[in-house]
Amino acid sequence: MIKLGIVGTGGMANAHALAFKNINEVEIVAVCDVIEDRVRNFAKEYNINQIFTSFDEMLENCELDAISNVTPDSFHKEIALKSLNKNKHIFSEKPLAENFPDAQEMYKATLNTNCINMVNLSYRNSSGWQNLSKMIQNNELGPVRHVDASYYQSWLTCKYWGDWKAEQKWLWRLSENHGSKGVLGDLGVHIFDFASYPVGIINKINCRLKTFKDKGEKIGEYILDANDSFVSMVEFENGAIGTVSSTRFATGNVNKLDLKIYCDKGAVSMKFDDPITQGNTYSICTDINATSPNNEKGLDWKTIKTDPTPSNYERFIHSIKTGKNDQPDFKRGADIQKILDSCFISSEKDQWIDLNA
Ligand SMILES: NC(=O)c1ccc[n+]([C@@H]2O[C@H](COP(=O)([O-])OP(=O)(O)OC[C@H]3O[C@@H](n4cnc5c(N)ncnc54)[C@H](O)[C@@H]3O)[C@@H](O)[C@H]2O)c1
């Protein structure tokens, strides 16, 4: 039995507890949060025996094999380094860190241990995307030429998830002082992984970040200075080019990831809000010999259904059992962080950034 401790018992921790409770080989033995009431309620809800309000105390006093880190972004590094230092396997929420140097330090710390390390880039739980990725990586559709990837939310214009002006859980996301890197840090981390894992390494990037000041500059203690939208042009190592973008103003889209990859011998495409319930199909068109589009059916796009893929949570536990670190690991988390950092520099300097420089 793998003994797991969860640190941070806010919103996302529920997903961790539910997922790990569903895996037979795991026992969640302890939970920790700096807010005592919150950790008590969480422990009660998920029937967890040991409760801590200090991570150091949890590490010191509890027999644990692995840590699931669901604290806010600014605590990811400290908790990961302490865990690795005590030889605990570590499953960290995204983004891996607040910047590339920190993420790189975390990755390097894994090299001195045999600990399994993973970062929860949750859209990897889409089986359609896993299948599509293998197909592109195996060159089954020939060289990739063009990629379009977007991640759209709409909570700045719509009220599907509540009123952003009234709730702390939205306001901190709009404020750099409160640890937010804007939509780039929140959603960009996912969409850059989503676009680049199938296609390959991004070599160059030109990004424009935008904060819409006329939505309001300050609410209470929150200065609304974090980016709301970004668009980027990218060049991949294999020569393909593409666009990657995200916004919180995409009225009509709740949480939409959209990916299109165009290759010499065909194209693949997928679009979903939820990776598990809707991400188990993708579309493919290999109709390159058609001499005219069929007016009734359109070009011949086929929908492919895919079998469920192991979730990141299951991959983490499987990795502990086999000793073979699955993806996405801390190295991948650091690579994505480098892309995000380059976006900030590109937008500020208004120029292309070479990620290999
Ligand atoms: N993978 C995904 O799709 C996804 C989705 C949502 C959130 N997240 C990530 O999950 C993390 C948590 O997000 P959330 O929405 O649950 O935030 P949250 O604010 O709801 O919860 C965070 C909890 O951590 C606690 N905490 C803060 N510092 C702590 C510390 N030093 N030790 C112990 N507990 C501490 C807070 O009291 C809070 O209860 C963030 O990094 C976020 O980016 C990922």
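First listed ligand is number 1; within each ligand, the first listed atom is number 1.
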Below the 3.5 angstrom mark, is there an N/O of Ile79, backbone or side chain, next to an N/O of ligand 1? no
Ion pair check, Lys86 and Glu60, cut-off under 4.0 Å: yes
I want to know if ligand 1 touches Gly11 in the polar sense, i.e. an N/O pair below 3.5 angstrom. yes
Judged by atom type as modelled, is there a donor-acceptor pair below 3.5 Å linking the side chain of Thr322 to the main-chain atoms of His318? yes
Quick one: do Glu105 and Lys77 make a salt bridge, cutoff under 4.0 Å? yes
Identify whether the distance between the nearest side-chain nitrogen and carboxylate oxygen of Lys302 and Asp300 falls below 4.0 Å. yes
Look at atom 11 (C) of ligand 1 and say which protein heavy atom is nearest, naming residue and atom and giving the distance to 0.1 Å. Thr71 O, 3.3 Å
Is Phe55 touching ligand 1 with its side chain, its backbone, both, or neither, if touching means heavy atoms under 4.0 Å apart? neither
With a cutoff of 4.0 Å, is His76 in contact with ligand 1, counting heavy atoms of the residue only? yes
Among protein heavy atoms, which lies nearest atom 23 (C) of ligand 1, and at what distance? Asp33 OD2, 3.6 Å
Could you find the nearest protein heavy atom to atom 41 (O) of ligand 1 and give me its residue, atom name and distance? Asp73 OD1, 2.6 Å
Considering non-hydrogen atoms of the protein only, which is the closest contact for atom 13 (O) of ligand 1, and what is the distance? Met12 CB, 4.2 Å
State the atoms of ligand 1, each with its element, that fall below the 4.0 Å cut-off from a heavy-atom position in Asn120. 1 (N)
Around atom 32 (N) of ligand 1, find the nearest protein heavy atom and jot down its residue, atom name and distance. Val34 CG1, 3.8 Å
Carboxylate-amine/guanidinium proximity below 4.0 Å for Asp186 and Lys94: yes
What residue and atom, counting heavy atoms only, is the protein's closest point to atom 44 (C) of ligand 1, and at what distance? Glu93 OE1, 3.0 Å
Do protein heavy atoms approach atom 17 (O) of ligand 1 to less than 4.0 Å? no
Other hydrophobic cluster members with Trp155, side-chain heavy atoms of Ile/Leu/Val/Met/Phe/Trp/Tyr under 4.5 Å, chained? Leu156, Tyr160, Trp161, Trp164, Trp170, Leu171, Trp172, Leu174, Phe212, Ile219, Tyr222, Leu224, Phe249, Val254
Any N or O of Tyr123 closer than 3.5 Å to N or O of ligand 1: no
Of the side chain and backbone of Glu78, name the one, both, or neither that has a heavy atom under 4.0 Å from an atom of ligand 1. neither
Tell me which part of His190 gets within contact of ligand 1: side chain, backbone, both or neither, using heavy atoms under 4.0 Å. side chain
Would Trp129 and Tyr197 count as a ring pair (Phe, Tyr, Trp, His ring centres under 6.0 Å) here? Give the steps. CA-CA 10 Å; Trp129 178 82; Tyr197 180 68; 5.3 Å; yes
Below 4.0 angstrom, N of the basic side chain to O of the carboxylate: do Asp273 and Lys256 qualify? yes
